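Here is the structure we will look at, set down as structure tokens.
Sequence lines set the chain letters: A, B, ... in the order given, protein chains first and strands last, and positions in each chain run from 1. These figures come from a predicted structure and were not determined experimentally.
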Amino acid sequence: MSLILYNTLTRRKEAFAPRDPARVTMYVCGPTVYNYAHIGNARPAVVFDVLFRLLLARYPQVIYARNVTDVDDKINTAAKSQGVPIKTITDKYVEIYRADMGALGVLPPTIEPCATDHIAQMIAMIATLMKNGHAYAAEGHVMFDVPSFAGYGQLSGRNRDDMIAGARVEVAPFKKDPADFVLWKPSTPDLPGWDSPWGRGRPGWHIECSAMIEKHLGETIDIHGGGHDLIFPHHENELAQGTCAHGGKTYAQVWMHNGFLTMDREKMSKSLGNIKTVHELLSEAPGEALRWALLSAHYRQPLDWSDDTVAQAKTTLDRAYRALEQVAHIQPVKGAEYAPVRAALEDDLNTPKAMAEIAFIVGALNNAPTDDSRAQIKAELLAAGKLLGVLQQEPAEWFIAAKKSSGVDAAEVERLIAARINARKARDFKEADRLRDAIAALGVVIEDRADGTKWRMAE
RNA sequence: GGCCGAGUGGCAGAGUGGCCAUGCAGCGGAUUGCAAAUCCGCGUACGUCGGUUCGAUUCCGGCCUCGGCCUCCA
């Protein structure tokens, strides 16, 4: 079964064919670390994590790079206002980002290159572009010469005239062409800067990705991913630079872009202020529920985020974990797979379809007639969950986490349950019901099962 | 203004030229001392107007509405 991916560049689904199946390469634009990541920022991390997992299941080696932008004017502004060096800011938020992504079940990428560790590569690439006639120096800046690259605009599907007509930005006087973009810009003494052939300065936004890709992944990569809003100008510019720096070689074979998270149908963004940080959401719901919610819509579709989204995700996972809890004592068989889930993911990461298939296995597990069949289906469910990055906890852990975060007094609950068991033994159902009401008042639901009375938090 | 998406049952959200999505919620039944959990079953869903077709939610065209990019942005 081949892997089908939608390519933004060609605007269609294509069979994925890595240049070197023994070394598949993927690059995804990571965070600019100056603040807490919001749940919308987490979407590409989670989406491409699923793709990473799928690629790992198909190919012997996958090099997945997700960068950290640690030099940027927003970082400078934050550092200035707090009166600290930029490294203080970036170190702090890199760490928080990693912790947040970990809580969402995102595997660490193969490498996480930082922009500031690659200034030399950027300078070298800029010099190459100048030498090849694709860039020019002007007033301390180095600009990319857009008209020198005939293919400009193919990724975002717009031509230069449209861009100029729609431009809402004042054209700097030193630009030869209004579409030219900055590769290197001068820094004043109060700003971070590095020495370069064009004076002390700092890189433009787009060049870092191209330079790090060249260094770590090569001149042509298989997959380049990121959020939909990066198509223009960021990826368009990267494509132009990268192609021109390598004598016209293909820069990236497949371009993939995830859709936005919205709140009340409007794009979630820091500038609009309608954000929910991963950090605060993690105090309200398990990371796995957030992950499930993020994957509940196809990655190219918009996803409207609400408390209800998370609540539904959590309820659905509860059901799956309950099924797994029932078979906790059964050893799953080795080497199982569940083809329908994999097939759904191999069709351009159709996660909602994959989740429907998971629901099907959960039902099958609940209905399984024998321990042999349970061992088989449990293994299939776990394997399917692994591809999506869910259902890998011990069920007891999942339920305990919910109990803990609720802050309910477990000893008190246990005491009430014990009293109720006695009342039931005495067939004093009136007292038993009274005790259950008392337990329910704590927000706890109890279940009388064959193996004893269990409790959990109500939704 | 240019370019690009989207409109599916109470909610979320796939998909398809004619047949079941799935989950959550709801209703009925089995089960239970009562519940919960689980299982079984149920609901005449595809923005609108035309066209193509034996047949369209699915293809084509118009319209309406919403969102995104064109500036930092996942």
Side-chain angles (χ1 to χ4, degrees), chain A residues 8 11 28-32 37-48 72-74 77 153 156-159 161-170 179 205 225-234 236 257-262 264-272 275 292-293 295-306 308-320 322-323 325-326 344 347 350-360 362-363 365-367 423-424 427-430 432-433 436-437 440 444-450 453-456 458-459:
Chain A
T8 305
R11 276 161 251 280
V28 173
C29 292
T32 301
H38 61 69
I39 189 70
N41 297 130
R43 193 177 191 187
V46 169
V47 163
F48 289 102
D72 174 272
D73 286 351
K74 283 185 179 165
T77 307
S156 55
R158 59 190 82 207
N159 63 49
D161 294 339
D162 292 340
M163 286 183 264
I164 294 161
R168 284 185 254 155
V169 148
E170 224 176 295
W205 174 35
H228 198 259
D229 52 353
L230 295 182
I231 294 173
F232 191 88
H234 184 51
E236 191 70 73
H257 296 94
N258 62 274
F260 291 117
L261 238 61
T262 57
D264 298 323
R265 302 276 157 201
E266 235 185 344
K267 178 182 173 182
M268 183 185 290
S269 76
K270 285 173 187 166
S271 44
L272 285 172
I275 64 165
W292 186 271
L295 294 174
S296 66
H298 183 82
Y299 77 93
R300 283 191 279 118
Q301 295 305 126
L303 171 61
D304 201 50
W305 191 266
S306 70
D308 203 44
T309 315
V310 184
Q312 286 194 13
K314 190 176 168 301
T315 311
T316 304
L317 282 169
D318 276 341
R319 181 173 132 86
R322 228 176 272 129
E325 192 181 35
Q326 298 296 328
D347 180 16
N350 193 337
T351 51
K353 182 92 189 305
M355 290 160 121
E357 299 294 354
I358 281 184
F360 178 81
V362 168
L365 185 56
N366 283 328
N367 270 330
R424 291 182 73 218
R427 302 198 66 78
D428 183 354
F429 295 122
K430 208 171 174 185
D433 286 346
R436 201 223 321 268
D437 288 345
V444 170
V445 175
I446 53 176
E447 294 174 29
D448 296 325
R449 294 201 215 146
T453 297
K454 307 273 180 184
W455 66 278
R456 62 188 167 80
E459 293 312 319

**Complete:** Picking from B:rA74, B:rU22, B:rC24, the nucleotide nearest the side-chain atoms of A:His38 would be B:rA74

**Prompt:** Taking only residues two or more places apart in sequence or in another chain, which ones pass side-chain contact (heavy atoms from CB on, under 4.5 Å) with A:Thr316?
**Reply:** A:Trp292

**Protein-to-nucleotide contact annotation, 5' to 3' order, nucleotides 27-33 of chain B [B base; S sugar-phosphate only; - none; under 4.0 Å, heavy atom]** = ------B

**Request:** Identify whether any heavy atom of A:Gly226 sits under 4.0 Å from a base atom; if not, whether one sits that close to sugar-phosphate; answer base, sugar-phosphate or nothing.
**Result:** sugar-phosphate

**Request:** Evaluate whether atom CG of A:Asp264 has more than 12 neighbouring non-hydrogen atoms of other residues, nucleotides or ligands under 6.0 angstrom away.
**Result:** no

**Prompt:** Considering residues at least two apart in sequence or located in another chain, which fulfil the salt bridge (Lys or Arg N to Asp or Glu O under 4.0 Å) criterion with A:Asp433?
**Reply:** A:Arg436

**Asked** According to a strict under-4.0 Å criterion, is A:Lys267 in side-chain N/O contact with OP1 or OP2 of B:rA74?
**Response** no

**Request:** Under the salt bridge (Lys or Arg N to Asp or Glu O under 4.0 Å) rule, collect the residues that match up with A:Arg449, sequence neighbours excluded.
**Result:** A:Glu325, A:Glu447

**Pairing residues for A:Lys74 by the salt bridge (Lys or Arg N to Asp or Glu O under 4.0 Å) criterion, not counting sequence neighbours** = none

**Request:** May I ask you to evaluate whether A:Asn366 reaches the phosphate of B:rA37, defined as a side-chain N or O under 4.0 Å from OP1 or OP2?
**Result:** no

**Asked** Should we count CZ of A:Arg427 as having more than 12 external heavy atoms under 6.0 Å?
**Response** no

**Prompt:** What stem regions, each of at least 3 consecutive Watson-Crick or G-U pairs below 3.5 Å, can be found for RNA chain B?
**Reply:** B:1-7 with B:64-70, B:10-12 with B:22-24, B:26-30 with B:38-42, B:47-51 with B:59-63

**Fill in**
Looking only at B:rA74, B:rU22, B:rC72, the nucleotide nearest the A:Pro233 side chain is B:rC72

**Message:** Main chain of A:Phe232, side chain of A:Ser156: is a donor-acceptor contact present, judged purely on distance under 3.5 Å?
**Reply:** no

**Prompt:** Is A:Ile446 touching bases, backbone alone, or none of the nucleic acid, heavy atoms closer than 4.0 Å?
**Reply:** base

**Request:** Choose from B:rA74, B:rU22, B:rA37 the nucleotide whose nearest atom is closest to any side-chain atom of A:Arg456.
**Result:** B:rA37

**Asked** Is the shortest side-chain N/O distance from A:Arg322 to OP1 or OP2 of B:rU38 below 4.0 Å?
**Response** yes

**Asked** Got a sec, which residues hit side-chain contact (heavy atoms from CB on, under 4.5 Å) with A:Ala354, two or more places apart in sequence or on another chain?
**Response** A:Val341, A:Ala344, A:Leu345, A:Leu388

**Asked** Reckon A:Lys454 touches a base, only the sugar-phosphate, or nothing at all at heavy-atom distances under 4.0 Å?
**Response** nothing

**Asked** Any side-chain N or O of A:Arg319 less than 4.0 Å from the OP1 or OP2 oxygen of B:rC39?
**Response** yes

**Partners meeting side-chain contact (heavy atoms from CB on, under 4.5 Å) with A:Thr77 (sequence neighbours left out)** = none

**Asked** Do the side-chain N or O atoms of A:Asn367 get closer than 4.0 angstrom to the phosphate oxygens (OP1, OP2) of B:rC40?
**Response** yes

**Set of residues satisfying side chain to side chain donor-acceptor pair (under 3.5 Å) with respect to A:Asp304, sequence neighbours excluded** = A:Thr262

**Prompt:** In chain order, what residues pass the salt bridge (Lys or Arg N to Asp or Glu O under 4.0 Å) check against A:Asp229, with sequence neighbours excluded?
**Reply:** A:Lys267

Could you list, one pair per line, each protein nitrogen or oxygen that sits under 3.5 Å from a nitrogen or oxygen of nucleotides 8-13 of chain B, together with the distance?
unit_1: B:rC11; atom_1: O2; unit_2: A:Gln312; atom_2: NE2; d: 3.2

**Which residues share a ring pair (Phe, Tyr, Trp, His ring centres under 6.0 Å) with A:His234, sequence neighbours left out** = A:Trp205, A:His206

**Prompt:** How would you label the contact of A:Asn350 with the nucleic acid (heavy atoms, under 4.0 Å): base, sugar-phosphate, or nothing?
**Reply:** sugar-phosphate

